[in-house]
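Convention: sequence-line order gives letters A, B, ...; per-chain numbering from 1.
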Protein chains: 2
Amino acid sequence: MDAVEQTEISQLDNIGEKAEQIFEGALQEFLVHGYAGTSMDRVAASAGVSKATVYNHFGDKEGLFIALVKRLAQKKYQIMVESHKAELMETEPAVVVRQIANTILDNSLDDQEHLAFVRLVIGESGRFPELAKTFVHHLGKPGIEVLTEYLTTQCYITILDPEAMARVIIGTLAHYVLMQEILQGKEIIPMERDRIINTLVDLVDHHPKPEI
Amino acid sequence: MDAVEQTEISQLDNIGEKAEQIFEGALQEFLVHGYAGTSMDRVAASAGVSKATVYNHFGDKEGLFIALVKRLAQKKYQIMVESHKAELMETEPAVVVRQIANTILDNSLDDQEHLAFVRLVIGESGRFPELAKTFVHHLGKPGIEVLTEYLTTQCYITILDPEAMARVIIGTLAHYVLMQEILQGKEIIPMERDRIINTLVDLVDHHPKPEI
DNA sequence: GTCTATAAGGAGATAGAC
DNA sequence: GTCTATCTCCTTATAGAC
């Protein structure tokens with residue numbers, strides 16, 4: 001396999017060894033200190049390369065930041081959506097909703113990198129609107145769409161507005177992660193994850209039949 | 001009324017005219033540029049005072065930032081929770097949920113200051129955990145508690161876990177604001193607010209009676 | 001309390017050798 | 001392509017006059 005073919009296999013790999021190092025260093029710094037709080041000196045040091053090399057690869061600080069966030073969004077997409085699509089073919093709504101909820105929470109609640117990434121994208125969404133949109137496109141939209149598709153085909157009798165219901169489910173889970181972990185509220189307003197999941201499962205399991 | 005009594009009436013007013021100016025300048029700068037992206041020079045200029053005056057009042061940049069965010073959290077609390085508590089005494093669940101949803105969305109979706117404030121608190125929640133907790137304590141917790149109290153007393157027959165259901169309702173609305181406005185996703189995944197509200201109203205209106 | 005002026009250090013970005 | 005050394009500007013914070 002030659003170099004040209006390799007670049008078509010994945011947009012994440014084979015970008016050069018130095019570039020990989022720079023991404024790794026930039027990841028550490030931007031996730032911890034934010035965009036304005038990160039210096040290119042520390043990125044270079046953390047990556048183990050000189051500052052000039054960083055500029056040679058990514059042009060300027062903004063270019064590096066944008067490339068990093070887009071790369072991370074793609075990576076998260078593969079983890080959260082692609083690798084779990086197969087599981088969605090179960091027919092029992094209760095089982096499917098429980099599985100989706102567990103997938104989202106398992107990949108969020110204890111993953112400090114993910115929590116820092118969400119903080120970063122939301123925090124910079126006013127100054128980098130395109131990055132916020134990339135995040136929505138790669139992580140918010142697919143989750144809602146996949147669940148909507150499922151609810152539409154499997155629960156069309158009981159759920160009047162599947163897309164709105166998908167947003168209820170995803171929104172509840174996202175807000176739970178935001179409140180408990182990202183905003184560090186788990187000691188202030190504790191809530192067991194299973195109570196959230198059970199309540200969501202109930203919503204689709206015995207939902208109101210339209211009155212007959 | 002003398003000065004001592006005045007300070008007990010509200011923690012928001014009567015902190016000195018210069019301090020008020022500084023808060024106003026700091027508000028503009030921090031909400032737009034974030035913590036690290038804001039310079040004390042621009043805060044002073046925006047406030048119309050000298051930089052030394054800012055330092056005399058608030059010690060350092062961090063002190064000013066913390067004071068500003070705490071002040072804003074209190075202000076938002078009064079707008080979002082206190083001023084709407086009376087409306088909660090309606091007995092119809094459908095009416096109450098619709099009212100809460102409209103209160104939250106009316107005070108969020110079009111309020112650029114509020115959206116920027118949420119961006120700021122989430123974005124800085126890793127570096128200023130106490131501020132994140134203040135936000136949860138003043139804005140997240142009261143909303144959930146008030147709604148939980150209502151659902152517990154008024155819907156105890158149909159809702160098995162009122163606190164979890166309160167989080168479903170609040171979480172759905174918060175996530176809607178986050179996706180559509182804060183992360184600027186309204187063109188990417190459009191959704192009418194009334195579809196969200198109607199779906200939430202249905203949840204409490206004809207919720208599953210436990211099987212008899 | 002408030003101002004002007006300044007200290008001391010860090011920031012983004014580049015020139016030029018290799 | 002990568003490095004070292006450097007340029008220039010901006011940052012937080014304070015000293016000292018009033």
TODO: Report the residue (A/A52 or B/A36) whose heavy-atom-nearest nucleotide on DNA chain D is the more 5′ of the two.
DONE: A/A52
Just call it for [X]: base, sugar-phosphate, or nothing, with non-hydrogen atoms closer than 4.0 Å on any strand.
{"X": "B/K51", "answer": "base"}
{"X": "A/S50", "answer": "base"}
{"X": "A/D60", "answer": "sugar-phosphate"}

Open item on the list: On the six-membered ring of A/Y35, is A/K61 placed so that its NZ or CZ lies under 6.0 angstrom from the centre and within 45° of the ring axis?
Closed with: yes
Task: Axial cation check for A/Y176 ring with B/R167, 6.0 Å and 45° limits - done: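 Verdict for A/Y176: no cation-pi partner in B/R167.
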Options [options], nucleotide nearest the side-chain atoms of [X]:
{"X": "A/H57", "options": "D/dC3, D/dT2, D/dT11", "result": "D/dT2"}
{"X": "B/V49", "options": "C/dC3, D/dT2, D/dT12", "result": "C/dC3"}
{"X": "A/N56", "options": "C/dT2, D/dT2, C/dA13", "result": "D/dT2"}

Whole-Å gap separating [atom2] ([N]) and [atom1] ([X]):
{"X": "A/E29", "N": "C/dG12", "atom1": "CD", "atom2": "P", "answer": "11 Å"}
{"X": "A/K61", "N": "C/dG12", "atom1": "NZ", "atom2": "P", "answer": "4 Å"}
{"X": "B/R42", "N": "D/dT12", "atom1": "CZ", "atom2": "C1'", "answer": "14 Å"}
{"X": "A/M40", "N": "D/dA5", "atom1": "CE", "atom2": "C1'", "answer": "18 Å"}
{"X": "B/I22", "N": "C/dG1", "atom1": "CD1", "atom2": "C1'", "answer": "11 Å"}
{"X": "B/E17", "N": "C/dG1", "atom1": "CD", "atom2": "C1'", "answer": "13 Å"}
{"X": "B/Q21", "N": "C/dT2", "atom1": "CD", "atom2": "P", "answer": "9 Å"}
{"X": "A/Y55", "N": "D/dT4", "atom1": "OH", "atom2": "P", "answer": "16 Å"}

Open item on the list: Is it the case that the ring center of A/F23 lies less than 6.0 angstrom away from the ring center of A/F58?
Closed with: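 That pair passes the under 6.0 Å test.
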- [ ] Using a cut-off of strictly less than 4.0 Å, decide whether B/S39 has a side-chain nitrogen or oxygen near OP1 or OP2 of D/dC10.
- [x] no
Open item on the list: Taking A/K75 first and then A/E113, would you say they form a salt bridge - that is, a charged N and a carboxylate O separated by under 4.0 Å?
Closed with: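 Salt bridge present between A/K75 and A/E113.
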Task: Polar side-chain atom of A/T38 near backbone of A/H33 as donor-acceptor pair, under 3.5 Å - done: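 Not at all, since once roles are kept as given, no pair shorter than 3.5 Å links the two residues.
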